[in-house]
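Each remark here refers to the structure printed beneath this line.
For the numbers below, each heavy atom of this structure counts, side chains included, while hydrogens, waters and symmetry mates do not.
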Amino acid sequence: MGDCEIHRDSMDRYSLRGMVFHTIREDILSGRYGQHEELRENTIAQKLGVSRTPVREALRQLELEGLVSIVPNKGAYVTGITEKDMKDIYTARSLLEGRCARWATEHITGEQIEKLEENVELSIFYTKRKNYSQVCELDTQFHEILYAASDSRMFYQLLSDFHHYVERVRRISLATGGRAEESNREHWKILDAVKAKEERLAEKLATEHVLNTLENMDSYGMENLLKNSICLDQK
């Protein structure tokens, strides 16, 4: 695959600072830390077996991402993802995913097409078995392959982050209202359009796919998604 797959996450993950950053970030996005919970440097450092310096650096980076709020002379607190954040993310994705799919029709490789085909087939397999955690993981992979195929480093980075930010609510959404089955059918249609080099159709289908997901989330209730996803993570 192309250079656009070289995401800052993969480049930094194996450094000490990167490991600390990604660990805290995952804990926030998975709901292991509650909204407004204090993130104590000493506690996190002891848990990870590191000094306070990489923890402090990670918290500053997370503040830049909007996931943490640092109050001078008090400490760092979880901001996390709110209902408005989710709506904003899906609105932004609806504007960008279509263009990503359009560009993918121009740059996608045979290897990427094969991976997308295998991905959807596996997703159908796990959907039939109601293994929605695996379906969610495959959904993430499908979109990241498509982002990479757009041959845009910026799109890959931005859209991958957006997709990851709402991962825990996507797990619940995919398990409701037959959304997983619909998502698989939509993925097939997007893939067929990309393979056929039908750029306008690919753009239209990818945009509709994001809007359909948002509609499903709205019908379930954003607040319910957030609550239930936290309960699921704490089991």
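Under the 4.5 Å side-chain heavy-atom criterion for grouping Ile, Leu, Val, Met, Phe, Trp and Tyr, V166 is not connected to L211 through any hydrophobic cluster. When the side chains of ILVMFWY residues are joined at heavy-atom separations under 4.5 Å, either directly or via intervening members, I24 and L16 end up in a single hydrophobic cluster. Linking ILVMFWY side-chain heavy atoms closer than 4.5 Å, directly or via other members, places I44 and L29 in a single hydrophobic cluster. Cluster membership check: L122 does not share its hydrophobic cluster with I124, using side-chain heavy-atom separations under 4.5 Å among Ile, Leu, Val, Met, Phe, Trp and Tyr. A continuous path of ILVMFWY side-chain contacts below 4.5 Å connects L67 to M19, so both sit in one hydrophobic cluster.
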| field | H163 and R93: CA distance, side-chain angles, deciding distance, side-chain contact (heavy atoms from CB on, under 4.5 Å) verdict | value | CA-CA 9 Å; H163 212 241; R93 282 187 61 199; 3.3 Å; yes
| query | Is there a side chain to side chain donor-acceptor pair (under 3.5 Å) between E137 and Y126 once you walk through the steps? | reply | CA-CA 11 Å; E137 183 176 333; Y126 285 111; over 6 Å; no
| task | Please report the C-alpha distance between N216 and T213 in whole Å, then the side-chain angles of each, then the deciding distance to 0.1 Å, and finally whether the side chain to side chain donor-acceptor pair (under 3.5 Å) criterion is met. | result | CA-CA 5 Å; N216 185 68; T213 301; over 6 Å; no
| said: Please determine whether side-chain contact (heavy atoms from CB on, under 4.5 Å) holds for the pair V78 and V68, giving the CA-CA distance in whole Å, both sets of side-chain angles, and the decisive distance to 0.1 Å. | reply: CA-CA 5 Å; V78 174; V68 167; 5.5 Å; no
| task | Tell me, with the steps shown, if L214 and M86 meet side-chain contact (heavy atoms from CB on, under 4.5 Å). | result | CA-CA 9 Å; L214 179 57; M86 288 198 294; over 6 Å; no
| query | Checking side-chain contact (heavy atoms from CB on, under 4.5 Å) for the pair Y90/M217: CA distance, chi angles, key distance, verdict? | reply | CA-CA 10 Å; Y90 274 92; M217 287 183 166; 3.2 Å; yes
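Between N184 atom CG and S123 atom OG the span is 3.5 Å, to the nearest 0.5 Å. Rounded to the nearest 0.5 Å, atoms CD (E111) and CG (L116) are 11.0 Å apart. Atoms CG and SG, from L146 and C100 in turn, are 5.0 Å apart once rounded to the nearest 0.5 Å. Here the CZ-CD1 distance, from R56 to I70, works out to 10.0 Å after rounding to the nearest 0.5 Å. Taken to the nearest 0.5 Å, the CG atom of D85 stands 10.0 Å off from the CD atom of E83. Atom CG of L62 and atom CD of E57 lie 12.0 Å apart (nearest 0.5 Å).
Shown here for S51 and A45, the closest heavy-atom pair between the two residues is O-CB, 3.8 Å. Counting all heavy atoms, side chain and backbone alike, I190 lies closest to A206 at CD1-CA, 3.8 Å. Contact between P54 and V20 at its shortest, heavy atoms only, is O-CG1, 3.8 Å. Of all heavy-atom pairs spanning E144 and Y156, the tightest one is O-CE1, 3.4 Å. Taking every heavy atom of both residues into account, A101 and V194 meet most closely at O-CG2, 4.1 Å. Closest approach of G98 and T207 over heavy atoms only: CA-OG1, 3.5 Å.
Side chain of D151 to main chain of A104: no donor-acceptor pair is present (N/O by atom type, distance under 3.5 Å, no hydrogens or angles). Counting only distance, with no hydrogens or angles, the side chain of N119 and the backbone of L138 share a donor-acceptor pair below 3.5 Å. Looking only at distances, no side-chain donor or acceptor of E97 sits under 3.5 Å from a matching main-chain atom of V210. With hydrogens and angles ignored, the 3.5 Å screen pairs a side-chain donor or acceptor of E37 with a backbone N or O of G34. R32 places no side-chain N or O within donor-acceptor distance of the main-chain N or O of I28, the cut-off being under 3.5 Å. The backbone N or O of Y147 sits less than 3.5 Å from a side-chain atom of S150, completing a donor-acceptor pair. Formation of a donor-acceptor pair under 3.5 Å by the D192 side chain with backbone atoms of K189 is not found in this model. No donor-acceptor pair under 3.5 Å is formed between the side chain of Q157 and the backbone N or O of M154.
No more than 12 heavy atoms of other residues, nucleotides or ligands shown are found within 6.0 angstrom of CZ on R40. By the 6.0 Å contact criterion, NZ on K197 is enclosed, its count of non-hydrogen atoms from other residues, nucleotides or ligands being greater than 12. Within 6.0 Å of the CD atom in E106, the count of heavy atoms belonging to other residues, nucleotides or ligands exceeds 12. Other residues, nucleotides and ligands place no more than 12 heavy atoms under 6.0 Å from the CD atom of E118.
Between F142 and H187, the ring-plane angle classifies as parallel under the 30° and 60° cut-offs.
Between D139 and the options R170, Q134, R171, a side chain to side chain donor-acceptor pair (under 3.5 Å) holds for only R170.
Aromatic rings from Y77 and H36 are positioned such that their centres are separated by 6.0 Å or more. Aromatic ring centroids of H143 and H209 lie under 6.0 Å apart.
A salt bridge links E186 with R179; the closest basic N to acidic carboxylate O contact falls under 4.0 Å. Between E208 and K204, at least one side-chain nitrogen of the basic residue sits less than 4.0 Å from a carboxylate oxygen of the acidic one, meeting the salt-bridge criterion. Salt-bridge formation is detected for the pair E117/K195: a Lys NZ or Arg NE/NH1/NH2 atom is positioned less than 4.0 Å from an Asp or Glu carboxylate oxygen.
Annotation: cation-pi geometry not satisfied between R25 and F21 (NZ/CZ under 6.0 angstrom from ring centroid, within 45° of ring axis).
Donor-acceptor pairing under 3.5 Å is lacking for the side chains of D88 and T91.
In this structure, the side chains of W103 and E203 stay at 4.5 Å or more apart for every pair of heavy atoms. Residues E38 and V71 are not in side-chain contact: their nearest non-hydrogen atoms beyond the backbone lie 4.5 Å or more apart.
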